Every structure is written in C-alpha cells, then in structure tokens.
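Here the structure is a predicted model, which means the values were calculated and not measured. Letters go in sequence order (proteins before strands), and every chain restarts at 1. Hydrogens, waters and symmetry mates play no part in the numbers below; they use all other heavy atoms, side chains included.
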Protein chains: 2
Amino acid sequence: MVSIKDVARRAGVSIGTVSNVVNRPSLVSESTRERVRAAIRELGYVRSETARQLRAGQSRVIALLVLDMTNPFFVDVAHGAEREAREQGLGVMFCNSDQDPEEEAAYLSLFAEQRVRGVLITPATEGDAALAVLSGFSRHGIPHVLVDRLVPADRACSVSVDDVTGGSLAAAHLFGLGHRRIGYVTGPLRMAQCADRLRGARAAAAEAGLDEDAVRVEERGALTVAEGRAAAHALLSGAAQAWPTAVFCANDLLALGVLQVMVERGVRVPDDMAIVGYDDIEFAAAAAVPLSSVRQPARLIGRTAARLLIEETDPATAPEHHHQRVVYEPELVVRRSTSG
Amino acid sequence: MVSIKDVARRAGVSIGTVSNVVNRPSLVSESTRERVRAAIRELGYVRSETARQLRAGQSRVIALLVLDMTNPFFVDVAHGAEREAREQGLGVMFCNSDQDPEEEAAYLSLFAEQRVRGVLITPATEGDAALAVLSGFSRHGIPHVLVDRLVPADRACSVSVDDVTGGSLAAAHLFGLGHRRIGYVTGPLRMAQCADRLRGARAAAAEAGLDEDAVRVEERGALTVAEGRAAAHALLSGAAQAWPTAVFCANDLLALGVLQVMVERGVRVPDDMAIVGYDDIEFAAAAAVPLSSVRQPARLIGRTAARLLIEETDPATAPEHHHQRVVYEPELVVRRSTSG
DNA sequence: CCGGACCATTGAATCGATCCAGGCGGGCCC
DNA sequence: GGGCCCGCCTGGATCGATTCAATGGTCCGG
C-alpha cells in the first residue's frame, strides 16, 4: 500500500509538505504543489483514514442500528441518514439488531472499538434497560441520537413521531366512517411505539363516545407480515357477528398480512373489513387494495437524526449544541382499504 | 478516551503486558492478568480498532454497495452478508449507489480511504465501464466480490444466479399455460440481469415453437413500482385484442406496479392477464393477488459473497484462495397471479 | 558456585498520518 | 550592512495499538 512516505520520497519533499498539499494547499508553493500532486497521481496514493483518525481521535463513520432492516420504514430512515451523512463526507454503517438485546450489545462494542463518530439507534429494549444501553454509550463517550424513540433530553437528542396522535388519527378515521368495534393488531406492547398508538386509538374511541371495548387488542410477537396473517386468523376465529368491522395495524407489514388473509377468506376490503396500516411504506400504496396508512416522514427522520449527530460531534458546532427532542407529526393517507 | 497506557499505569505494568493480556492471555501470569483485567474493567477501557488497524494494515469492516437499497432483494442480500460477517467478528457498511456511477465512485474512494477489508459490489455500470471500476479496485489493492453479476474469474470472485434460466422458467410457465403473446417489462436492457432474462424468455418462446414476436419488450428506466405502473399503462394503450395475455417482469417491484394498475383498470389477474415477477421478495407473496415469481436465494447470495471475500482476505486462508464464480439456480414459485 | 534454561515482563520500533516549532534564504527597511 | 520579517519547507513528537528482541529473575543440574 502506497503511503505518504512514498509520495514524499518520489516528489523529493518531506512528509509534512505532502500533508500540507493534501490538507492546506495554500501553504505550499505552486511548483512544489504540482510536483507532489503528480507524485500522488503516479503512485495512486490514497490517504489512510485510519491514520488520520488515530491522530484526530474522531472517525468519519456513523452507525445506524435499527430493529429490523427488512422493514422498508427503517430502510427509508437509513436512506435519509445516508444522504445527510454523504453530504458531510461521512459514511454510514447500517446495522440490524433484529430486536435482540444481545446482537445490540455486540454491535455497540463493535462501534466502540471502531470509535465511530456516533450512533443513531432504535433501542431493542425499553425503559430502564434502554437507559442502561444509553449509559453504556455515555460511559464510552459515544455520542448518540435516538430514532423513533423519545428520551429525556438531558441525556441525548431524539427524533420521533407523535405516535399517540398517529394512533388517534387512524382510529378516529375508522370511527368517523361509522365503525364501532375495531381491532388493533400490534407488536409487543412493551414497545413504546405500539403502546402509544394504542393510547391514541383509545383516546379516539373516548372522543367518539365509545368505551374501551371499542378497541380490541390483538398483540403479536413481532411486526411482520407473517404475524399479521396470524393475527387476522385470530380476529376471524369467532362468530362473524363478533368480528370487528375494521382493523388498525401498528405497522404496514402487519396490515399487509391481515389484508392478504382477508382476501383469501373472501372478506371484502373495505366493505366487510376496513384496514389502516402505519408507516405508509411504498408497498402499502402498491398493494392490490391500496392500504390507508399513517405516514411517518421516514427519510426526514433519518436525515434529521444524522444532522443532529453531526452537529453534536463536529468540533465547530459542538459547543453550541444542546440536546433536543424533535417530534414530527404523522399524517393519515386514505386509500381504498378504508374508502371503497 | 481511555487508552492502553492508562490501563498500564493503573495496573502498574507495561503497555506490552496489557496488550498480551488482551490478545495472548496465556503468556501472562495469573496474578498480573487479573490485575490488568481489573484495571480494564475499572477504567472502562475499549481497545482502539483504529490503532490496531494502523499496525495490522487491515480493517475489520467490509463494504456492500448495491444499486438500490430500497429494493427488498438487496436488503436480503445485505442481511445474509451481515450474518456471515458478524460470525467472523466483522462489520458491514451497507451502502447505496442508486445506480449512479458518480455516487459509486464517491463511495469507492471512501472505502479506499477507510481501508476496508474488501467490497461486495453490484456495479452501476456494465461491460468496459464495470471493468474500469474493477481495475480501480485492483489498483488500490482492494479485494472485491461481484454480487449478482458475472465477471471473468481471473479478476475476482462473483456470486450470481443464472438469469437466462430464470427468464426461461418464467416464460415457459406462461407459454405452458397457453399464453401466446406475453409482455416483458424490464429495466434498462444494458443491465446484464435484464438482458439475460429476456434471452431466457425468447429461448422459451422458441422452445414452444413461437417466434420472437411472442415476447413484447417494454423497457423502462428503472426497476421500481412507479415504472411498473407506467409500463402497465403502456401495455394497455392499444386495442384490447392486441394486449398480451400475460406479463413477465424483470423484478417484483415492476410486477407490483403492473398488478396495481391491472386491478385499478378492472383487468382480472390472472384470468385476463397473468403476471410473473422476479426475485420473490416478501411482498410478492403478501400482495392481495399473490405474485408468481422467480425466486433467487438472496440471503444465500449475500452470505456466500461475504464468505468468499473473507476467505480471500484472511491471511490464514488467503494462500489457498482462487477466484471463483458461484452461480445459483433460480426457482419458479407459482402463486395465484398465474394460476387463478 | 556457576552456567544454562525458562518464564514473565519490559522497552522500543513501527504503522501513516497531523501539526507545530524552528530553520533557511531572500528581500526590505533603516 | 545589520536586523527583521516572511514565505516555504523540514524534522520530530504524537496518536494507540502490536510485536519482538532484550532483560532480569528463578530454578535446576553439574
């Protein structure tokens, strides 16, 4: 591998001069500069980020650790973060904890060893456990921004969407269409997102003058298409009169699974069963019965999270940085699955 | 940041001993070992991968650069690669060129600067341009494996799927169902994948005793749902008698777009229009008219590519490494979009 | 009592860059 | 002509680890 030394030798100058040509060319005379540049070109020299890092103490890579990289929502978040990072000349490591605290921990130590610039994370754990993860970060001095999760602003920045409002938008829409009994198909309720959307839905029920039974909860272990299918079978297990007339799903993967089963079983959507999803992933609109869904600005979330992290870790802007909570508003997108 | 020096001072030993405790504990006496470990624990020391790299000259991160990170097929590839890499204690940088040669080039120089262990890549360019990219790698001495793309085996390893066979499977299935005129909705034909699948489809037509006109090509600029929608409108633009009775799409995103338009326009699937996609992404099965599709072993592709790269770059196995081309066979998955 | 073997440990060189104090020559001012 | 300043460049310290030759100490056998 060609190093700065080889370039210096070839150009007949000192190492320091080569470094200046690369980093502060104005300090070097025209003729020397050209000679060094020629040497760089001829040798195909690429400066070692590793070595600069060692000296600078800061790397140019940020990590993004999500719960499920196969969920298009998180892919969009990643896409947004990547854009912002690229504009600042940084790279992004997009990683997947699969909701497994052990995987998460393994990645965190990888990140710590790599001395990444910082981490964008959707923690696999909740409450105290999540705080423990954060204090792990703080202990190692790794700056971090929480994505899709609130956290006390004295600890770190966070970027999220108001899930209570989102749940309320979805449920109010269904109640407004005349539905009186709806199902709520969700992942683990210990996940804040799932719990908050339920709170919103219940608030909407109260608002509509209905009691708590108006929202029947079907809790599953994960937010996937397969679990959505299982949930749909569960919802349709009793007598038809007892079925809800609409379903609100905690994300679009669940909703697609539910939709699929409804179609298979000849339950007409939206006539017999209206469906609302969450996230508004691309495949929601592309489903053969296009899904109504609560849109979250995924790309923007990623972009903002990356921006906050960069602000926090760029020596130029860090002094003015204060932790903040950014909360975006969700938006209901009505499609045929609720408005046949 | 706590360094090895701090640990050494605290434990009252030399730097070298701390290094030995971490890397070759058997060389260190029991008591010293414990004392050092205690110091590490108390100070929260994490060794700097950056510094080791500088000395070792090799990093513990591999890069994966794909054409479209929002395509679930590539996400699955990434997932597979990530698994394999994690098992070897390596990290993966999953990046997105968006089919843009400039983005690609920008990433390549980032990778070169980072001295990544190697790169898994689906090149944004074809033919000579792709070879130019590769020679860029070779020049910088960056090991690389081509994903979903063949390349002469003397230059690098490659992992791909037989696209001619895949195209032929799909088309033969349609011809076997009695279709005589099919549409082929594709991305740019300069992409080898798209062109090969067409060759396979034409071969199947010949096999079925049909002429070239049996496959009508609808070429679009990208492999996305939106382009699929546009293609469907184009296919349905003439007189109904002239419509093909089936469509084969170069990937599932296109197929989902086509399906969506068919449903909107009241064209029954599969009765009036059969549809076959490619990749068998999760959303193909989850579509309300589940899509027949040609399955590629995406996870396995990612895993294998990562394994080959690791073999090539691990000093222990590198000497026995020879570049190889791995070609998997695709598999047709029949669902309701062709077999109502 | 000495030489040699063996073991744990140390110290210094090294990786590739950055950065800064200082040297050197040339021009300018008094 | 001497002193100073300025522009350009050099040399060496530094970052945090690895690695290996050298050291010092213990123990054993002769």
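Each of B/Arg55 and B/Arg33 was assigned the nucleotide of DNA chain C with the nearest heavy atom; the assignment lying further toward the 5' end belongs to B/Arg33. Nearest-nucleotide mapping onto DNA chain C: of A/Ser19 and B/Ser26, the residue sitting toward the 5' end is B/Ser26.
Across every non-hydrogen atom of A/Asp76 and A/Ala298, the tightest pair is CB-CB, 3.5 Å. For B/His79 against A/Thr70, the heavy-atom pair with the smallest separation is ND1-CG2, 3.9 Å.
Note on B/Ser14: a side-chain N or O is less than 4.0 Å away from OP1 or OP2 of C/dT10. The side chain of A/Asn23 contributes an N or O atom lying less than 4.0 Å from OP1 or OP2 of C/dT18. At the phosphate of C/dT9, OP1 or OP2 sits under 4.0 Å from a side-chain N or O atom of B/Thr32.
Judged as a ring-ring contact (aromatic ring centres under 6.0 Å, His included), the pairs with a partner in residues 299-321 of chain B (not counting sequence neighbours) are, in order, B/His321-B/His323.
Across all strands shown, B/Val18 has no heavy atoms under 4.0 Å from either base or sugar-phosphate atoms. Among the protein residues, A/Thr17 comes within range of the nucleic acid bases, having at least one heavy atom under 4.0 Å from a base atom. Using a 4.0 Å heavy-atom criterion, one finds that B/Val13 contacts the sugar-phosphate atoms exclusively. No engagement by A/Thr50 is indicated, since no non-hydrogen atom pair under 4.0 Å with the nucleic acid exists.
Here B/Gln296 contributes atom CD and B/Ser160 contributes atom OG; the two are 9.0 Å apart, rounded to the nearest 0.5 Å.
For A/Arg52 against C/dT18, a side-chain-to-base donor-acceptor contact under 3.5 Å is absent.
Of the candidates D/dA17, D/dC9, C/dC15, C/dC15 carries the atom nearest the A/Lys5 side chain, counting heavy atoms from C-beta on.
Atom-to-atom, CZ of A/Arg24 to P of C/dC20 comes out at 7 Å; the value is rounded to the nearest Å.
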